[in-house]
Engineer: 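One structure follows; several queries about it will come next.
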Amino acid sequence: MAYDITALRALFPALSGAPAHFDGPGGTQTPRAVIEAITGALANPLSNRGRVTVGERNADGIVTRAREAMGDLLGAQASGIVFGRSATQLTYDFSRTLAATWSAGDEVVVTRLDHDANIRPWIQAAERAGVTVRWADFDPATGELTLDHLRAALSDRTRLVAVTAASNLIGTRPAITEISRLAHEAGALVYVDGVHYTAHALVDIGALGADFFVCSPYKFLGPHHGVLAAPTELLETLRPDKLLPSSDAVPERFELGTLPYELLAGTSTAVDVLAGLDTDAVGSRRERLATSLGALHQHEESLRTRIDQGLAALDGITVHSKAGDRTPTVLLTLDDVFGAQGTQDASRFLAERDVYAPSGSFYAVEASRRLGLGDSGGLRIGLAPYTSTDDVERLLAGLELFLKRAPH
């Protein structure tokens, strides 16, 4: 494995100063190559897609390359890659399209573990369609969403299961392959929120059994927009609302208006950066991604182990990230002596020392409530490819210093 953290960090202009970033689950910092790809796209002729003018060809090439890059990243067909403004927007769009195929008496399943972007769109679509919503719970003591939790919510009337591949709040990675199998046996489609998962694992939507998989490039070194992957043949069966003169081809029929070409150029480059995290990686881009994301996993697991050990040595902390399979994401709360705003105070204290670890529920409000944390959540520590050992030691030292300030 050739994972050179010093060389990697040098690729990020934002890392040239003092801050240690543990806010990756909310969005990563941007490599210089991605910034240059975005500005390069804007600096050259651009037009609506076509094959006549230079601007048309540039736009068409950018879109084609972005679909290919995301197909490689997600193990998907390039023709099944749909671009949108955000993962939330894409989920709302597809919830409306899929709801048109539902009938009264049908059911959809959502989970308590998910980000609200994979809950509320389905609840609202179900309400409009007269469809029943059923909830799959998770165990707050362990953070696990099990197959038994899903079985309790499934029936022969289930038409869709919406589930996260990784909790953005506590990191839990449910057994998506097995969940998909159960859902398909019940005759349901599976819509997977992979926004947090894609930043930490090699995605293979076929192996996961996902009918739809949504993610956001800005969580994995890219720019701000959303991506949905699905089998082309499944997309062909869906008829979204669209403008009359706009293309009815797949995947274009799902993309409303002109695409953000400059952002797509940045996304292609972000995938290439990910493929080069291990500088010894060889082969196709997909093969290099597999090698590099394997190296990333080892790097992040080493740092997560140090964080877990460091937190265990501190008094006054409760860790809520306990699942056996989870991303390098830790949610913690503080003892009552620190008050209701304890984790917010800790976050500010750390920020004053150039350590960025935010506090909140991060739109995973159902999970936060199920954990008994209300809408406040806790302090979230999230790793990214550029997180270093020094960053981790500064975080632990900062938390230890804050805890010593507890009133007696």
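Atom set for the values below is all heavy atoms of this structure, side chains included, hydrogens, waters and symmetry mates excluded. Since we're looking at a predicted model, the values are computed, not measured.
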Engineer: Can you see which heavy atom on Asp375 is nearest to which on Arg369, and at what distance?
Structural biologist: OD1-NE, 2.7 Å
Engineer: Any ion pair linking Glu144 and Lys322 (charged N to carboxylate O, less than 4.0 Å)?
Structural biologist: no
Engineer: Under 6.0 Å from the six-membered ring centre of Phe94 and within 45° of its axis: does the NZ or CZ of Arg96 meet both?
Structural biologist: no
Engineer: On the ring face of Phe12, is Arg32 found with NZ or CZ under 6.0 Å from the centre and within 45° of the axis?
Structural biologist: no
Engineer: Flag the pair Arg353 and Glu400 as a salt bridge only when some basic side-chain nitrogen lies within less than 4.0 angstrom of an acidic carboxylate oxygen.
Structural biologist: no
Engineer: Hey, do the aromatic rings of Phe254 and Phe83 have their centres closer than 6.0 Å?
Structural biologist: no
Engineer: Is there a side-chain contact between Leu331 and Leu371, using heavy atoms and a 4.5 Å cut-off?
Structural biologist: yes
Engineer: Is a donor from one side chain sitting under 3.5 angstrom from an acceptor on the other, for Gln341 and Gln344?
Structural biologist: yes
Engineer: Please answer whether the main-chain N or O of Glu56 pairs with a side-chain N or O of Ser47 as donor and acceptor at a distance below 3.5 Å.
Structural biologist: no
Engineer: Should Arg286 and Asp72 count as an ion pair when the cut-off is N to O under 4.0 Å?
Structural biologist: no
Engineer: Closer than 4.0 angstrom, basic N to acidic O: yes or no for Arg9 and Asp391?
Structural biologist: yes
Engineer: Minimum heavy-atom separation for Leu303 and Thr387, please, with both atom names.
Structural biologist: CD1-O, 3.3 Å
Engineer: Under a 3.5 Å cutoff, is there a donor and acceptor pairing between the side chains of His184 and Asp211?
Structural biologist: yes
Engineer: Starting from the C-alpha separation in whole Å, work towards a yes-or-no answer on side chain to side chain contact (heavy atoms under 4.5 Å, CB included) for Thr198 and Lys219.
Structural biologist: CA-CA 8 Å; Thr198 307; Lys219 306 290 188 175; over 6 Å; no
Engineer: Taking Arg181 first and then Glu178, would you say they form a salt bridge - that is, a charged N and a carboxylate O separated by under 4.0 Å?
Structural biologist: no
Engineer: Taking C-beta and beyond as the side chain, do Leu256 and Asp93 meet within less than 4.5 Å on heavy atoms?
Structural biologist: yes
Engineer: Using the ring centroid of each side chain, check whether Phe22 and Tyr356 are separated by less than 6.0 Å.
Structural biologist: no
Engineer: Salt bridge or not between Lys242 and Glu255? Use side-chain N to carboxylate O under 4.0 Å.
Structural biologist: no
Engineer: Say whether His225 and Ser86, considering side chains only, have a donor N or O and an acceptor N or O under 3.5 Å apart.
Structural biologist: no
Engineer: Describe, in one word, how the ring planes of Tyr191 and Trp122 are oriented to each other, choosing from parallel (under 30°), tilted (30 to 60°) and perpendicular (over 60°).
Structural biologist: perpendicular
Engineer: Looking at Arg253 and Glu236, is any side-chain nitrogen of the basic one under 4.0 Å from a carboxylate oxygen of the acidic one?
Structural biologist: yes
Engineer: Is there a donor-acceptor contact under 3.5 Å linking the side chains of Thr172 and Ser167?
Structural biologist: no
Engineer: Just by distance, no angles: are the side chains of Glu107 and Ser155 close enough, under 3.5 Å, to form a donor-acceptor pair?
Structural biologist: yes
Engineer: So, does His21 use its side chain to make a donor-acceptor pair with the main chain of Asp23 at under 3.5 Å?
Structural biologist: no
Engineer: Can you tell me if His196 and Thr329 form a side-chain donor-acceptor pair at under 3.5 Å?
Structural biologist: yes
Engineer: Consider only side-chain N and O atoms of Thr232 and Ser79, and report whether a donor and an acceptor are under 3.5 Å apart.
Structural biologist: yes
Engineer: Side chains of Thr111 and Asp114: is there a donor and an acceptor less than 3.5 Å apart?
Structural biologist: yes
Engineer: Check this for me: does any side-chain nitrogen of one of Asp139 and Arg112 sit under 4.0 Å from a carboxylate oxygen of the other?
Structural biologist: no
